[in-house]
Amino acid sequence: MKIMVDILQLLLLILGAPLVRGIIARFKARLQKRRGASIWRPYVELFKLLRKEDLTPPTSSAVFRLAPVLLFGCTVCVAAFIPVAHVSALLGSRGDFFLLVYLLGLGRFSLSLGALDGGSAFGGMGASREALISSLAEVPFLMGLVALAILSSRADITGMVAWTLHQNIFNISTVHILAFTSLAMVVLAETGRMPVDNPTTHLELTMIHEGMLLEYSGPSLALIEWASAIKLHAMLALLIALFGPWGMAAGGSGWGLATALLLYCAKVTVLMVLLSVIESAAAKLRMYLVPDFLGVASAVSALAVIFTMWVKR
Amino acid sequence: MGLVGIATEKILSSFSVFLFLTIILLAVARRISTSVLLFSLQSAIITAEVLATGFQEKLASAYLVGILIFVIKVVAIPRAFFVLTKRLKTVHDVKASTTPSQSVFVVAVMIYLSYAAVHSYGGAVRAPGDSLAAAIALILTGAFLMVSRKKALMQVLGLLVMENGIFLAALLTTFGMPLVIEIGIFFDILMGLLLMGIFMFRISDTFEHLDVSKLRRLRG
Amino acid sequence: MGPIEMAFAYLLSVLGVFVPAILIVSRGARARRLAITLILTAGVAGGLVAVSSFLWQTTSLLDLSWATPFPFSFAVDRLSAFFLLLVCAVAVPVTIFASPYFDLHYSEQQRRWTWAFFSLFLLSMIVVVTASTGFAFLAGWELMTLVSAALILIEGDSPERRHNVFVYLLMMHVGAAAVAGCFFLFLPYSHSLDFGMIRAAGAAMPGGIRAAVFLSAFVGFGAKAGLIPLHLWLPRAHPIAPSPVSALMSGIMLKTAVYGFVRFAFDFLGGGPWWSGYVVLVVAAFTGLLGILYAIAEHDLKRLLAYSSVENIGIVFLGLGTSLIFLAHHSLLGAGLALVGALLHAFNHAFFKSLLFLGAGAISSSTHTVDLNELGGLQRRMPVTGAAVLIGCCSIAGLPLFNGFVSEWLIFRSFLAGSSLVDAKAGIILPLMVGILALIGGLAAACFVKAFGVAFLGRPRSAEAEHAQEAPLGMRVGLWMLGAGCICIGILPGLLLRPLVSLVQVLVPGAGVPEETLSIAYIIPWIAAIVLGTSALAALLRPRARMARTWACGLPGLTSRMQYTSTVFSKPIRSVFAQVYRPDRKVEQLPTDQPYFPASIAYQSVRTTSYERVLYRPFVELFISLAHRLRRLQTGNIQIYLLYIFLALVSLLTFLRFQR
């Protein structure tokens with residue numbers, strides 16, 4: 001029974017991901033006084049790509065073909081860690097957050113290799129910039145999660161969520177505020193949103209994540225786009241689960257799950273609005289200012305870890 | 001207890017968190033207007049704390065002091081800053097000598113130091129240790145702003161942030177200063193700011209800029 | 001003599017006596033093949049000795065004291081068995097690889113001597129990890145240095161190579177002096193250099209001597225392992241050695257230093273003084289960070305791998321330092337966890353670093369260069385080799401499903417466990433170390449994306465790369481044996497974790513089984529199943545692809561020069577960490593009458609690593625100036641020398657007079 005619920009949560013994260021992207025795009029359009037495309041547009045695009053031909057450069061090797069599927073597999077596995085409506089996930093109680101972060105790293109590694117295999121300049125450019133940003137973003141990601149793990153004395157995601165559920169929502173926790181700030185900045189960097197990277201740019205010289213996709217087409221491109229949408233959805237779900245899980249169902253009752261699901265949709269909508277506002281209001285940072293941005297996130301997360309010492313004793 | 005009672009309790013126990021947030025944001029702020037807004041936010045938080053203390057300890061003078069702080073530090077002084085910026089036609093950049101991430105690291109170290117200093121005192125203070133640490137961190141941040149920002153206006157702002165911290169520390173360690181002294185301190189600050197404003201105009205007129213790192217006539 | 005003792009005697013005699021004798025005496029190819037087969041059998045025998053000693057807890061193996069002036073005996077306890085397994089498990093694939101490699105690269109004469117020294121090299125490393133007296137240990141230690149220097153010089157003899165070998169020998173002997181000093185500090189208390197007596201004496205020594213022993217062990221073994229600032233020899237010696245020898249040096253020789261340090265700090269001393277863990281932690285953090293930063297900036301593949309070895313040794317010592325901190329606070333479970341992580345990382349590093357060095361050897365056999373900027377597109381031309389090197393790159397980047405991840409994960413979890421220590425210092429420093437290890441890991445992943453991507457993927461950047469051929473069968477077998485090991489430990493870590501936990505329970509008496517080792521052994525196979533299952537499903541459902549040329553923005557076609565090179569790939573990271581690199585840059589322009597159209601522009605960027613400039617040069621200059629001043633004592637005048645003797649006599653007499 002619990003397995004069914006966990007699998008349904010995983011499917012929600014995977015299948016709902018393009019919808020999250022579509023809604024964010026729509027919010028941004030409305031903020032910029034445009035009408036915007038339909039929120040179901042990403043699904044249409046995925047189907048279109050799946051029907052198209054898959055092209056491979058003649059100079060590439062098997063790595064080019066394998067990279068998208070490995071990226072997709074890793075991202076699906078990451079989504080299996082995160083509880084959505086029920087305080088459990090497929091891998092949530094045995095897998096800890098170090099595994100989560102490094103699985104994302106494995107996906108990114110394979111995509112970078114695929115980009116370099118394309119044999120064009122833009123793939124190398126995207127991979128080199130992504131290497132810089134990801135190596136610097138891992139520090140605040142792990143340290144923010146470590147701060148939360150120290151407070152809850154648990155390293156698995158479900159354990160941390162369960163601990164947070166027992167806390168009083170009206171107690172303001174310094175550690176959580178600092179950790180949320182740094183993790184939010186990391187999510188912006190990891191998922192390639194403004195101000196770190198522009199997901200809708202058409203200029204190759206400004207691309208970071210998009211640059212790595214330029215050689216891919218058809219079903220491979222569909223897999224990569226879907227994987228990045230799942231990553232965004234999973235990161236948002238992770239933020240909700242770690243910082244605002246109240247309302248999640250603990251038992252197996254149908255009503256409890258339904259209300260938890262509705263609450264999740266409300267929370268995710270709040271985060272999507274926040275993300276759209278940040279994306280529309282902030283200008284994209286020059287690439288050599290991104291390490292500074294991530295440096296601020298690292299310092300804030302280090303401060304969060306330091307504060308756990310005073311909170312725990 | 002009532003809603004007001006719960007609210008005051010929450011304010012008193014957790015306002016230091018928000019002060020720390022304003023400190024970090026001051027470290028990364030790049031424009032003078034942002035820094036001034038953060039200063040007025042800080043002063044608003046301190047006002048809330050003073051009013052909450054007044055409600056809990058049932059001191060009438062605290063209400064008066066709170067209103068005074070609000071009027072002077074949250075409304076008057078920031079407005080004066082904005083007017084000054086417009087009149088002086090300065091560029092908005094804060095001209096920091098450290099990058100934002102370096103500033104945040106320095107601020108993190110300062111917060112750690114202030115906590116370490118408070119812990120070495122033990123239980124000699126009336127208020128929770130967090131608040132006193134926040135006050136000391138404010139003093140250190142003010143000093144850091146004065147040292148690392150090259151615009152003359154930021155020197156004044158650093159002084160004001162320091163004054164915020166000193167005031168908060170005094171409030172927390174004593175049982176409220178006599179009203180006369182508080183009013184005296186306020187007028188002191190006002191006079192000082194007035195004088196500094198006049199000097200800004202003079203400096204700007206004479207040197208055509210307000211960059212203190214270039215004002216080195218005192219060199220021997 | 002039981003079977004284990006006989007196998008060990010076989011191992012030593014084959015490697016030490018028979019193989020060199022065969023190679024020196026006879027010349028033909030058959031003799032060489034016999035020698036190689038003997039080495040392989042010796043390796044397998046060694047592995048069997050290791051496993052059986054581990055399972056049956058035998059100790060004393062061989063006592064050669066009747067043949068030597070000092071006590072010279074061998075014993076294999078659990079720690080030695082683990083490292084003996086490491087040596088043999090890496091030596092066998094490297095030998096299989098080296099056979100076609102040396103055939104391709106060396107002349108007949110060179111080959112005989114190389115194989116002779118190769119077998120002696122393996123012998124020396126086995127002696128070091130199985131020695132049970134100080135003399136045997138030091139003899140093996142010295143033999144390792146000398147034989148590896150000989151192997152480097154057989155490859156080629158130029159003034160630059162000789163200078164590098166000189167630096168190597170110099171630093172190794174400084175380290176050896178410190179290690180010898182370590183042993184001799186025990187002498188007044190143990191009255192012999194037998195390991196059993198030293199262990200018994202270690203408990204009763206005063207604190208000052210223990211601190212001195214710890215420091216000299218740290219300096220001595222740290223110099224051999226390559227900790228900053230004593231790592232100067234690593235990027236000089238490892239790249240110029242032939243690839244199989246580099247694999248042995250980086251894969252095994254560095255681990256013997258780790259073995260020595262663990263033997264002294266944990267077995268003999270039972271944990272150092274209270275500050276020992278912090279010192280090790282700080283040095284290890286610097287080593288890891290600077291190592292990977294220098295590795296990223298390299299475009300010579302072998303120097304990149306050498307600096308990456310420095311980084312990985314830093315990670316091993318991060319685990320060891322954490323374990324020492326836990327020991328000092330009597331938190332035995334945490335100490336056990338960190339020690340398991342450190343030892344596992346040493347084992348994993350032996351596997352994937354030798355794999356990568358052998359891969360570099362395969363590349364250089366095929367294309368005669370290891371400069372990344374000249375390679376490219378090798379995956380299409382050498383698919384089997386490339387796949388094995390890819391496994392090595394993924395392992396060294398610490399990615400899940402490969403072995404590097406498991407050990408780094410254990411070290412991360414030990415940092416997290418540090419937060420529950422009561423001491424405020426440790427309780428904060430250890431979680432903050434998570435950030436440092438995260439940065440090191442992220443940079444390592446970036447470095448090996450660059451290394452594999454530029455070398456194997458894309459288009460070939462030179463004619464040699466374009467005409468590269470797949471490596472011979474022996475090389476491929478050797479590579480894949482190591483690769484299979486990496487994947488095995490990566491997906492089924494429990495195989496190695498259970499024995500390691502029992503080993504650690506001997507070293508840190510009282511430590512229980514850390515439950516992290518159990519949970520990772522449980523979850524990784526599931527994660528492998530989900531990731532690989534989903535990927536396979538996606539790959540099967542995906543239609544076949546059609547070949548189509550890459551869009552070249554309307555130009556006639558893409559050339560290989562339009563790709564990113566290794567130097568450019570690392571440019572963003574080098575810019576961010578510019579304070580570390582500080583290259584000397586020179587731009588020369590030949591001017592003409594028109595200032596904006598020069599005749600030619602030359603750009604030169606020379607990197608002297610900053611530690612050389614800051615630490616070594618002032619020291620060296622100080623010593624040279626002191627030496628110059630002391631030179632005045634040697635005037636060459638015989639009367640002055642007689643005066644010195646006279647002065648010495650007079651001062652001795654006055655000293656004796658005032659002694660009363």
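Numbered from 1 within each chain, the chains take letters A, B, ... in sequence-line order.
- Using a 4.5 Å cut-off between heavy atoms, C:L416 contacts chain A through its side chain alone, with no backbone atom that close.
- Close approach to chain A, defined as a heavy atom under 4.5 Å from one of its heavy atoms, is seen in C:Q379, C:R380 of residues 379-389 of chain C, taken by number.
- Among A:L142, A:V305, A:L66, A:L113, the residue with the largest count of heavy-atom pairs under 4.5 Å with chain C is A:L113.
- Of the listed residues (A:D117, A:V139, A:I306), the greatest number of heavy-atom pairs within a distance under 4.5 Å of chain C belongs to A:D117.
- For chain C, the nearby parts of A:V146 are the backbone and the side chain; heavy atoms of each come within less than 4.5 Å.
- Heavy atoms closer than 4.5 Å to chain C are found in the side chain of A:P68, but not in its backbone.
- In this structure, chain C has heavy atoms under 4.5 Å from both the backbone and the side chain of A:A127.
- For a residue to count as touching a neighbouring chain, one of its non-hydrogen atoms must lie under 4.5 Å from one of that chain's; by this rule A:L223 touches chain C with the side chain only.
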Donor-acceptor list for residues 287-304 of chain A side chains, cut-off 3.5 Å, not counting sequence neighbours:
| unit_1 | atom_1 | unit_2 | atom_2 | d |
| --- | --- | --- | --- | --- |
| A:D292 | OD1 | B:T99 | OG1 | 3.4 |
| A:D292 | OD1 | B:S101 | OG | 3.0 |
| A:S298 | OG | A:L294 | O | 2.8 |
| A:S301 | OG | A:A297 | O | 3.2 |
| A:S301 | OG | A:S298 | O | 2.8 |

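- Looking at C:L337 and C:L333, their side chains never come closer than 4.5 Å, going by heavy atoms from C-beta outward.
- Remark: the C:N348 side chain and the C:S395 side chain contain no N/O donor-acceptor pair separated by less than 3.5 Å.
- Looking only at heavy-atom pairs under 4.5 Å with chain A, the residue among C:A538, C:G442, C:P400 that has the most is C:P400.
- The candidate from A:A121, A:P219, A:P58, A:P57 with the greatest count of non-hydrogen atom pairs under 4.5 Å with chain C is A:P58.
- Options C:L390, C:V449, C:V434 differ in how many heavy-atom pairs under 4.5 Å they form with chain A, and the most are formed by C:V449.
- Heavy-atom distances place no part of C:F456 under 4.5 Å from chain A, backbone and side chain included.
- With chain A as partner, the option from C:I573, C:L532, C:I436 having the largest number of non-hydrogen pairs under 4.5 angstrom is C:I573.
- In this structure, chain C has heavy atoms under 4.5 Å from both the backbone and the side chain of A:L55.
- The residues A:D54 and A:R65 are annotated as salt-bridged, a charged nitrogen and a carboxylate oxygen being separated by less than 4.0 angstrom.
- Both the backbone and the side chain of C:F569 have a heavy atom closer than 4.5 Å to some heavy atom of chain A.
- For the options C:S560, C:S570, C:A545, heavy-atom pairs under 4.5 Å to chain A are most numerous at C:A545.
- Two residues are said to be in side-chain contact when any heavy atoms from C-beta on lie closer than 4.5 Å; A:L145 and A:L242 meet this criterion.
- Residue pairs meeting the side-chain hydrogen bond (donor to acceptor under 3.5 Å, both in side chains) criterion with at least one member in residues 523-543 of chain C, sequence neighbours excluded: A:S220-C:R542.
- Under 4.0 Å is where a charged nitrogen must lie from a carboxylate oxygen, and between C:R461 and C:E466 no such pair does.
- More than 12 heavy atoms of other residues, nucleotides or ligands sit less than 6.0 Å from atom CG of C:L555.
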*Output, in order, the C-alpha distance, side-chain angles, deciding distance and verdict of side-chain hydrogen bond (donor to acceptor under 3.5 Å, both in side chains) for A:D6 and A:S88.*
CA-CA 7 Å; A:D6 293 339; A:S88 70; 2.7 Å; yes
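- Under the 4.5 Å side-chain criterion, counting only non-hydrogen atoms from C-beta, A:Y102 is in contact with A:E138.
- Residue C:L558 touches chain A through its side chain alone, counting heavy-atom pairs closer than 4.5 Å.
- Two residues are said to be in side-chain contact when any heavy atoms from C-beta on lie closer than 4.5 Å; A:E130 and A:L111 fail this criterion.
- For C:F448 and A:F109, the gap between ring centers reaches or exceeds 6.0 Å.
- With chain C as the partner, the residue from A:S128, A:S217, A:P140, A:S112 showing the most heavy-atom pairs under 4.5 Å is A:S128.
- In this structure, C:R413 is not positioned above the aromatic face of A:F98 in the sense of NZ or CZ being under 6.0 Å from the six-membered ring centre and within 45° of the axis.
- Interface residue A:L99: backbone and side-chain heavy atoms are both found under 4.5 Å from chain C.
- Side-chain N/O atoms of C:S566 and C:K450 include a donor and acceptor closer than 3.5 Å.
- Of the listed residues (C:A397, C:C394, C:S519, C:A417), the greatest number of heavy-atom pairs within a distance under 4.5 Å of chain A belongs to C:C394.
- Judged as a ring-ring contact (aromatic ring centres under 6.0 Å, His included), and not counting sequence neighbours, A:F122 has no contacts.
- Contact of A:V63 with chain C is made through the side chain alone, with heavy-atom distances under 4.5 Å.
- Chosen from C:R544, C:R459, C:Q563, the residue pairing most often with chain A at heavy-atom distances under 4.5 Å is C:R459.
- Each of A:T75, A:L103, A:V78 was checked for a side-chain contact (heavy atoms from CB on, under 4.5 Å) with C:V531, and the lone residue meeting it is A:L103.
- Neither the backbone nor the side chain of C:E516 comes within contact range of chain A, judged by heavy atoms closer than 4.5 Å.
- At a 4.5 Å heavy-atom cutoff, A:S134 makes no contact with chain C through either its backbone or its side chain.
- Between C:F352 and C:H345, the ring planes lie perpendicular to each other; the angle is over 60°, past the 30° to 60° tilted range.
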